[in-house]
Amino acid sequence: ASGDTTPGSSVVDSPAAPGASSAASVDTSTWIALAPEGTSIRVLMPSQPTSSTQVMKTPVGNASSTSWAAADPTGRVFYTSDVKFPRGALADVPAKAVLDSATGAVVATTSGGKLSSQSDISLGGHTGRTISYGTAEVAVRCDLYVVGDDVYGVCAREPARQADDGLSQA
């Protein structure tokens with residue numbers, strides 16, 4: 001996988017709601033722009049996000065995973081992440097294999113989570129996948145992209161009872 005990972009080269013450029021549409025039904029005019037230094041992430045968050053970083057052991061070496069999350073008053077949590085693999089670690093790995101692994105890892109972050117749908121997508125020439133998963137209590141939708149040696153994610157998590165009330169339009 002290869003791609004432009006130059007800071008300032010926007011790969012993810014949208015409200016932090018996967019599948020966002022230009023015909024937004026959710027007012028994002030007061031949302032906060034997030035553009036973390038050293039990433040190609042450019043998203044809007046409903047409030048000031050908090051960040052956390054952890055190291056993950058993977059078959060191709062340790063990866064540093066940083067995520068930013070913010071909640072809105074309805075109980076939705078919007079988050080974006082950047083998983084940085086060692087330089088060159090993903091060069092010979094097909095993007096589909098990276099996304100297959102990332103899909104399983106992301107779904108596993110929700111106890112009892114079950115994948116309900118997935119489809120291939122692309123953004124700015126980068127291979128990606130949109131996934132939906134959840135439990136009886138929560139619904140999650142994520143867009144994942146392979147960009148060079150990084151895997152970017154843009155996700156929204158909400159109480160299952162709120163699913164389908166405009167989240168994908170935020």
Side-chain angles (χ1 to χ4, degrees), residues 1-20 32-46 48-71 76-135 138-158:
S2 64
D4 183 1
T5 57
T6 307
S9 170
S10 183
V11 172
V12 179
D13 191 4
S14 66
I32 296 167
L34 174 69
E37 190 173 325
T39 75
S40 295
I41 296 170
R42 308 288 180 269
V43 297
L44 295 175
M45 293 287 204
Q48 185 62 43
T50 58
S51 66
S52 63
T53 300
Q54 65 181 0
V55 175
M56 302 172 8
K57 293 183 181 200
T58 76
V60 295
N62 288 346
S64 174
S65 175
T66 302
S67 61
W68 298 265
R76 292 182 176 120
V77 178
F78 298 86
Y79 51 102
T80 188
S81 62
D82 178 9
V83 180
K84 292 185 178 293
F85 289 85
R87 176 170 245 163
L90 302 182
D92 295 326
V93 181
K96 180 187 180 321
V98 174
L99 292 167
D100 288 347
S101 180
T103 296
V106 169
V107 172
T109 64
T110 299
S111 180
K114 302 282 186 216
L115 183 66
S116 56
S117 69
Q118 62 181 330
S119 60
D120 294 335
I121 57 175
S122 67
L123 180 66
H126 302 284
T127 301
R129 180 175 294 163
T130 188
I131 63 173
S132 294
Y133 65 97
T135 67
V138 299
V140 185
R141 177 154 174 206
C142 293
D143 289 349
L144 307 170
Y145 301 95
V146 179
V147 181
D149 292 316
D150 290 1
V151 175
Y152 291 117
V154 180
C155 306
R157 177 185 184 110
E158 63 186 334

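The figures that follow rest on heavy atoms only: side chains count, while hydrogens, waters and symmetry mates do not. The structure displayed is predicted, hence computed values, not measured ones.
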Undergrad: Looking only at heavy atoms, what is the nearest atom pair of S132 and R141, with distance?
TA: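 Closest approach of S132 to R141: OG-CD, 3.9 Å.
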
Undergrad: Does S101 reach the main-chain N or O of V98 with its side chain, forming a donor-acceptor pair under 3.5 Å?
TA: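 It does not hold such a pair.
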
Undergrad: Check V151 against A102 and note the closest heavy-atom contact, atom names and distance.
TA: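 V151 and A102 have their closest heavy atoms at CG1-CB, 4.4 Å.
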
Undergrad: Tell me the salt bridge (charged side-chain N to carboxylate O under 4.0 Å, His left out) pairs involving residues 108-127, sequence neighbours left out?
TA: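 Qualifying pairs, neighbours excluded: D120-R129.
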
Undergrad: List for me each residue that meets side chain to side chain donor-acceptor pair (under 3.5 Å) alongside T127, sequence neighbours excluded, and say none if there are none.
TA: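 Side chain to side chain donor-acceptor pair (under 3.5 Å) list for T127, sorted by chain: empty.
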
Undergrad: Locate the shortest heavy-atom distance separating H126 from Y145; write the atom from each residue and the value.
TA: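 Heavy atoms of H126 and Y145 come nearest at O-CD2, 4.2 Å.
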
Undergrad: Under the side-chain contact (heavy atoms from CB on, under 4.5 Å) criterion, do T110 and R157 qualify, and how do the steps go?
TA: CA-CA 10 Å; T110 299; R157 177 185 184 110; 3.0 Å; yes

Undergrad: Compare every heavy atom of T58 with every heavy atom of A63, then report the nearest pair and how far apart it is.
TA: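 Distance-wise, the nearest heavy atoms are CB-CG2, 4.2 Å.
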
Undergrad: Can you name the nearest heavy-atom pair linking M56 to S65, along with the distance?
TA: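 Of all heavy-atom pairs spanning M56 and S65, the closest is SD-CB, 3.6 Å.
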
Undergrad: Is there a side-chain contact between F78 and V43 (heavy atoms, below 4.5 Å)?
TA: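 Heavy-atom side-chain distance check fails, nothing below 4.5 Å.
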
Undergrad: side-chain contact (heavy atoms from CB on, under 4.5 Å) with I131: which of V140, D143, L115, L99?
TA: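 Result for side-chain contact (heavy atoms from CB on, under 4.5 Å) with I131: L115.
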
Undergrad: Do F85 and V146 have side chains that get closer than 4.5 Å, going by heavy atoms?
TA: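 A side-chain contact is absent here, since even the closest heavy-atom pair is not under 4.5 Å.
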
Undergrad: The criterion is side chain to side chain donor-acceptor pair (under 3.5 Å); which residues satisfy it with K96, sequence neighbours excluded?
TA: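 For K96 the side chain to side chain donor-acceptor pair (under 3.5 Å) partners, ignoring immediate neighbours, are D100.
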
Undergrad: Minimum heavy-atom separation for V93 and A97, please, with both atom names.
TA: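 Scanning both residues completely, I find the closest heavy atoms to be CG1-CB, 4.1 Å.
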
Undergrad: So T103 and Y133, side-chain contact (heavy atoms from CB on, under 4.5 Å) or not? Walk me through it.
TA: CA-CA 10 Å; T103 296; Y133 65 97; over 6 Å; no

Undergrad: Is there side-chain contact between W68 and T39, with at least one heavy-atom pair below 4.5 Å?
TA: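 Yes. Closest side-chain heavy atoms under 4.5 Å.
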
Undergrad: Is the closest side-chain heavy-atom distance between V77 and Y79 below 4.5 Å?
TA: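 The answer is yes; the side chains approach within 4.5 Å.
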
Undergrad: Between atom CE of M45 and atom CD1 of I32, what is the distance when rounded to the nearest 0.5 Å?
TA: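 Reported value, rounded in 0.5 Å steps: 9.5 Å.
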
